[in-house]
Amino acid sequence: MSVAITRGVLFVHSAPTALCPHVEWAIGSVVDKRTDLEWTAQPAAPGMFRSELSWTGAPGTGAQLASALRGWAHLRYEVTEEPSQGVDGGRWSHTPELGIFHAVTDVHGNIMVTEDRIRYAYESAAGDPAAVYHELSLALGEAWDEELEPFRHAAEGAPVRWLHQVG
């Protein structure tokens with residue numbers, strides 16, 4: 001019997017120096033392996049550091065990583081998980097100001113907005129196009145994208161490490 005495996009990437013966009021070892025410990029607790037990330041200065045936030053980690057593991061590992069890092073002050077991160085057999089993909093984004101955002105993604109990484117979420121946008125807007133726009137913006141995580149975009153660009157050309165889940 002084969003075990004389903006997926007892969008993804010954890011982007012730590014900004015973390016203060018004192019938090020970096022705690023981030024590594026949290027990741028290690030999810031993947032059952034010690035992690036020693038390569039931290040580099042984050043040009044978009046002087047005094048902060050960034051790192052990336054490509055991972056493979058069981059479906060749901062992305063959610064576990066996002067949960068392990070959730071709620072830490074001054075930490076900005078994103079986790080992606082590719083779809084696998086019978087399981088949708090996902091993206092989790094976190095900023096100190098906005099908290100965590102989760103979206104289901106397709107095989108190309110596009111956010112999938114459910115029928116119920118679209119219906120909610122229409123119904124709660126009560127005919128106001130601006131309210132529909134606002135609700136769909138929330139469903140797409142636009143506020144998180146806007147806040148994280150400067151940190152993403154500052155990371156271009158950064159090294160990426162692969163980590164495989166054991167156990």
What's in the same ILVMFWY side-chain cluster as Tyr120, cut-off under 4.5 Å, chained through other members?
-> none
Do you reckon Leu140 sits in the same ILVMFWY cluster as Leu148, going by side-chain contacts under 4.5 Å, direct or chained?
-> no
Quick one: which residue pairs count as a side-chain hydrogen bond (donor to acceptor under 3.5 Å, both in side chains) with a foot in residues 129-141, not counting sequence neighbours?
-> Ser137-Glu142
Kindly work out whether a path of hydrophobic side-chain contacts (I/L/V/M/F/W/Y, heavy atoms less than 4.5 Å apart) joins Leu65 to Leu53.
-> yes
Are Val87 and Ile111 connected in the hydrophobic side-chain network, where two residues link if heavy atoms are under 4.5 Å apart?
-> no
Salt bridge (charged side-chain N to carboxylate O under 4.0 Å, His left out) contacts in which one or both residues fall within residues 82-105, not counting sequence neighbours = Arg7-Glu82, Arg76-Glu97, Arg91-Asp145
Of all the heavy-atom pairs spanning Leu69 and Leu75, show the shortest one and how long it is.
-> O-CD2, 3.7 Å
Results of side chain to side chain contact (heavy atoms under 4.5 Å, CB included) for Ser29 - residues two or more places apart only | none
Between Thr80 (side chain) and Val9 (backbone), is there a donor-acceptor pair under 3.5 Å?
-> yes
Residue list, side chain to side chain contact (heavy atoms under 4.5 Å, CB included) with Leu98, at least two apart or on another chain | Thr95, Ala143, Trp144, Glu147
Does the His102 side chain pair with the main chain of Gly90, one donor and one acceptor, at a distance under 3.5 Å?
-> no
All side chain to side chain contact (heavy atoms under 4.5 Å, CB included) counterparts of Pro83, not counting sequence neighbours | Val107
Within-4.5 Å side-chain heavy-atom neighbours: Trp92 and Leu10 | no
Between side-chain atoms of residues 15-27 and protein atoms elsewhere (two or more places apart, or another chain), which donor-acceptor pairs fall under 3.5 Å?
from, atom 1, to, atom 2, distance (Å)
Glu24, OE2, Leu37, N, 3.2
Glu24, OE2, Trp39, NE1, 2.6

Nearest atoms (heavy-atom pairs only) where Val132 meets Ala121 = CG2-O, 3.8 Å
Side-chain heavy atoms of Thr35 within contact of Trp55, under 4.5 Å | no
Where do Met48 and Ser14 come nearest, in terms of heavy atoms and distance?
-> CB-CB, 4.0 Å
Can you sort out the partners of Glu78 under side chain to side chain donor-acceptor pair (under 3.5 Å), two or more places apart, ordered by chain and number?
-> His13, Ser93, Arg152
ring-ring contact (aromatic ring centres under 6.0 Å, His included) partners for Phe49, two or more places apart | none
Scan residues 98-109 for pairs that pass salt bridge (charged side-chain N to carboxylate O under 4.0 Å, His left out), counting only residues two or more places apart or in two chains.
-> none
Could you pull out the closest heavy-atom pair between Ala44 and Phe151, with the gap in Å?
-> CB-CD2, 3.9 Å
Flag, side chain of Thr56 to backbone of Thr6, donor-acceptor distance under 3.5 Å | no
Cluster check Val104, Phe101: I/L/V/M/F/W/Y, side chain < 4.5 angstrom | no
Would you please name every residue forming a side chain to side chain contact (heavy atoms under 4.5 Å, CB included) with Ala131, sequence neighbours left out?
-> Ala125, Asp128
